[in-house]
Number of protein chains: 4
Amino acid sequence: MNVSTVPVHTNEADSRQKRRAEILAAASALFAEQGYHKASISGIIERANIARGTFYLYFSSKHAILEAILDEAIQGLRARIRRIDMGRDAPSPRQQLRDNILRVLQYVTSEPALTQLVLEHGLGPDDEVAERVLRFYRHASELIESSLRHGIELGVVRDCDVGVTAAASLGAIRGVVAHLLLGDSEADLEQVTDEVIAFALGGLGFPG
Amino acid sequence: MNVSTVPVHTNEADSRQKRRAEILAAASALFAEQGYHKASISGIIERANIARGTFYLYFSSKHAILEAILDEAIQGLRARIRRIDMGRDAPSPRQQLRDNILRVLQYVTSEPALTQLVLEHGLGPDDEVAERVLRFYRHASELIESSLRHGIELGVVRDCDVGVTAAASLGAIRGVVAHLLLGDSEADLEQVTDEVIAFALGGLGFPG
Amino acid sequence: MNVSTVPVHTNEADSRQKRRAEILAAASALFAEQGYHKASISGIIERANIARGTFYLYFSSKHAILEAILDEAIQGLRARIRRIDMGRDAPSPRQQLRDNILRVLQYVTSEPALTQLVLEHGLGPDDEVAERVLRFYRHASELIESSLRHGIELGVVRDCDVGVTAAASLGAIRGVVAHLLLGDSEADLEQVTDEVIAFALGGLGFPG
Amino acid sequence: MNVSTVPVHTNEADSRQKRRAEILAAASALFAEQGYHKASISGIIERANIARGTFYLYFSSKHAILEAILDEAIQGLRARIRRIDMGRDAPSPRQQLRDNILRVLQYVTSEPALTQLVLEHGLGPDDEVAERVLRFYRHASELIESSLRHGIELGVVRDCDVGVTAAASLGAIRGVVAHLLLGDSEADLEQVTDEVIAFALGGLGFPG
DNA sequence: AATGAATGAGGGTTCATTCAT
DNA sequence: CATGAATGAACCCTCATTCAT
């Protein structure tokens, strides 16, 4: 007797996902604006135009939504970072590195709120939240380390402490990301990428 | 023949300073462990073994003690960073840069709790607290920028976007600092410094 | 045929108003018993049988509920005091004055807690709360003053310093109100009113 | 071997009394300015220029000093109110009443801080503090009542409910006192007294 | 007697979470 | 599913009082 013989399931699931996304968007905007701690459930539900109880139908806690947001951001970043292919037919490692950085910077500037949150967390104390971000950084770091090791083997990267150097490289990118986020004007990402590459590969050019 | 025939008064002031330092230490440790927000006055006074009211005899608020801690850390860092002297009789710029980095890394590893806090703050949204840390980062960034500009003029630094490059450099150091803080083992700071210098000045050594 | 086919909505609003009134009642009683300062939120919520947070769903602060209570009391009093109509068709001024006093005394004895609070406040130093009560007293005083002036013009009131006399008149009523509140037995308000009128209009009857 | 062979006892007692009076003065000024509750021990000792512990050498609690202040005020008032002497050689009752009122008004304006406190208290809830003030009011009220009864017996006062009329009379004076305290300008107390007397004895002059 | 650092009970308020409707 | 009134633990902070010096 139900009027809608259409796949109710899909509709419901769709609308559920949509609602969920709305709440997620409201929360990440608020978190970015006020910081996780200062932001309140009240603020989120007001922005998302939902009732208080509804929030808990989609997320089990305030903490949970932060994790979801960070996961989204991390996933976004991960998807844009690709392991450098040393195969013959692949583009040059430098080109691949450049592409990675450019994609990251593009993502980061297209999602400033998410980025803000990733930047903000992942340094704090051993929190379950920080854990995830930390794991991402560790993942990125390992990616860099393995590339460095590979490069050293191939003789294209000078011999160095890969742990320290990877930390420095990752930090450099983080620094540039923060720089982009703070800057009001829109920067030419291609150019910025080239600067980063130049710095990472050639340093400042100081004479040895 | 005792050097200190100074007034007994010092005792009072000393004990006050001592107590203050104890509270400061308890708070830094707790803030570093749990983060500023999660840490509570209760936790601080328990760790410092003082009564609730006593805390407020030394610091006007929870916020105030964080500021005091951050100020101390920033001051500690600032004191270890010296503008590079380009004079003839000065050590080589590279040597001076190395000294700066080494001093910072030494301080940072000697004060992991303070460092943790500085690392943690200054990224969130406009917090009154973050302000100070941000200002420090900005200060450091400007120092680097001006050095870069100077180096470019002298022809010892290749032409680059000083804003981006300074952000990358500062980020690289922050990255290494975070790396040191997370690492359980004690690293040889001299060696780490050399790695940082090598990375900053010569990059990865990738062939153009 | 039910007069109220009004929306069911009223139920919600009603229950909210009811709850609010309960808290208001609990607070008035406690304030009257212990005084505003000694009374605590804990005491109020215990008496009202609500949780701590619930209180703040209805009143933004302890201060706010006092204001609400005082406003209610003042409004109650104001509503019972009417400017004396000197028109031809109006009852005699004496009758109108009598009605005013009787209504006030009736209200005051029906709301001893509220009265206690109004009596208690408006005398301390410039408190934001006292302000409202003070304004009410000033309003009442001005009403009396203008009546006195009018009476003097008409020759029915002897020439006097209206400021002082109004203060004395208002004080006399306050005194009687306090007297009624302290007295355990229930007084005949009509009789008391007549006494007040007799005193106010004819004094003690002492021979000049 | 004591240098001072003078009655040390007296000196000490004197200085103790002096100190005590200073604290009392500081406290009553502060209480009058800020109200009893808002005023703090810190405020008192700062104003009295004594150490925190010293306060408790002279008064056992914050409450105790309020009691002492109120006692002083009440004593001051009591000393200025004299039972009306109906003896033949005595001045006329009216004159005696006038003298009483004038003395009270003089005292009250000379000690605004104390008066403020008496006015403020004595209406609040059944507090130990209010008790004393209340007792004073009751005392004054009984004095008036007995005078009224006497006057009625003598036929110089019209027959009335002495309880109500005494309350009204006392209230009238309180009202005038408050009026004087609030007024910035200095009033001619003799004139004010005459107004009060005229009101109390003859009322407003309204035609019966 | 005088001091003032230390105390800790108690204050008002917030806010993430729950649950009856 | 959606609601939002209700909850209460936990928060930061104040301040009258104490006591070792």
Side-chain angles (χ1 to χ4, degrees), chain A residues 12 15-16 19 36-46 48-66, chain B residues 8 11-12 15-16 19-20 23 37-45 48-65, chain C residues 8 11-12 15-16 19-20 23 37-45 48-65, chain D residues 12-13 15-16 19-20 36-46 48-66:
Chain A
E12 280 178 8
S15 90
R16 181 173 170 84
R19 197 37 101 79
Y36 175 69
H37 285 102
K38 208 186 162 194
S40 66
I41 298 287
S42 295
I44 296 171
I45 64 175
E46 190 179 332
N49 244 302
I50 56 169
R52 191 160 285 267
T54 307
F55 175 88
Y56 289 89
L57 252 33
Y58 291 85
F59 299 95
S60 63
S61 69
K62 187 187 177 187
H63 197 93
I65 199 172
L66 175 60
Chain B
V8 187
N11 276 345
E12 289 171 26
S15 91
R16 180 172 171 85
R19 185 74 101 142
R20 198 186 124 99
I23 301 174
H37 286 102
K38 206 186 165 196
S40 68
I41 297 289
S42 295
I44 296 172
I45 63 175
N49 245 303
I50 56 170
R52 194 159 281 270
T54 307
F55 175 87
Y56 290 92
L57 247 37
Y58 291 85
F59 299 96
S60 62
S61 68
K62 188 189 177 187
H63 194 94
I65 199 172
Chain C
V8 187
N11 276 344
E12 288 170 25
S15 92
R16 179 172 171 85
R19 186 73 99 140
R20 198 185 124 99
I23 301 174
H37 286 102
K38 206 184 165 198
S40 68
I41 298 287
S42 295
I44 295 172
I45 65 175
N49 244 301
I50 56 170
R52 194 160 279 271
T54 306
F55 175 87
Y56 290 90
L57 247 37
Y58 292 86
F59 299 95
S60 62
S61 68
K62 187 187 178 189
H63 194 93
I65 198 173
Chain D
E12 280 178 8
S15 90
R16 180 171 171 85
R19 200 31 105 79
R20 197 185 124 99
Y36 174 69
H37 285 102
K38 208 185 163 196
S40 66
I41 298 287
S42 295
I44 296 172
I45 64 175
E46 191 179 330
N49 245 303
I50 56 170
R52 190 159 284 268
T54 307
F55 175 87
Y56 288 90
L57 252 34
Y58 291 85
F59 299 96
S60 64
S61 69
K62 187 188 177 188
H63 197 93
I65 199 171
L66 175 59

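Below, read A as the first sequence line, B as the second, and so on, with proteins coming before strands; counting in each chain starts at 1. The shown structure was predicted, so the numbers you read here are calculated from the model rather than taken from an experiment.
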> Between E/dC15 atom C1' and A/I45 atom CD1, what is the distance in whole Å?
Replying inline: 11 Å
> Are A/R19 and A/I50 close enough that some pair of their side-chain heavy atoms sits under 4.5 Å apart?
Replying inline: yes
> Does the side chain of A/S40 reach to within under 4.5 Å of the side chain of A/K62, using non-hydrogen atoms?
Replying inline: no
> Which letter, B, S or -, goes with each nucleotide of nucleotides 12-17 of chain F from 5' to 3', with contact meaning a protein heavy atom under 4.0 Å?
Replying inline: BBBBBB
> Is C/Y58 touching bases, backbone alone, or none of the nucleic acid, heavy atoms closer than 4.0 Å?
Replying inline: sugar-phosphate
> Between B/N49 (CG) and E/dA6 (C1'), how many Å, whole number?
Replying inline: 13 Å
> Atom CD1 of A/I44 and atom C1' of F/dG4: how far apart are they, to the nearest Å?
Replying inline: 17 Å
> Rounding to a whole Å, what distance do you find between D/I50:CD1 and E/dG4:C1'?
Replying inline: 12 Å
> Can you tell if the side chain of C/H37 reaches within under 4.5 Å of the side chain of D/Y36, non-hydrogen atoms only?
Replying inline: no
> So, the side chain of C/Y58 versus the backbone of C/I65: is there a donor-acceptor pair under 3.5 Å, distance only?
Replying inline: no
> Is there a Watson-Crick or G-U wobble partner for E/dT21 with both distances under 3.5 Å, and if so, which one is it?
Replying inline: F/dA2
> Are any of the side-chain heavy atoms of C/I45 and C/T54 separated by less than 4.5 Å?
Replying inline: no
> Which is true for A/R16 with a 4.0 Å heavy-atom rule: it touches a base, it touches only sugar-phosphate, or it touches nothing?
Replying inline: sugar-phosphate
>> Could you tell me the Watson-Crick or G-U partner of E/dG12, where both distances fall under 3.5 Å? Say none if there is no partner.
In response: F/dC11
>> Distance check, rounded to the nearest 0.5 Å: B/I23 atom CD1 versus B/L57 atom CG?
In response: 8.5 Å
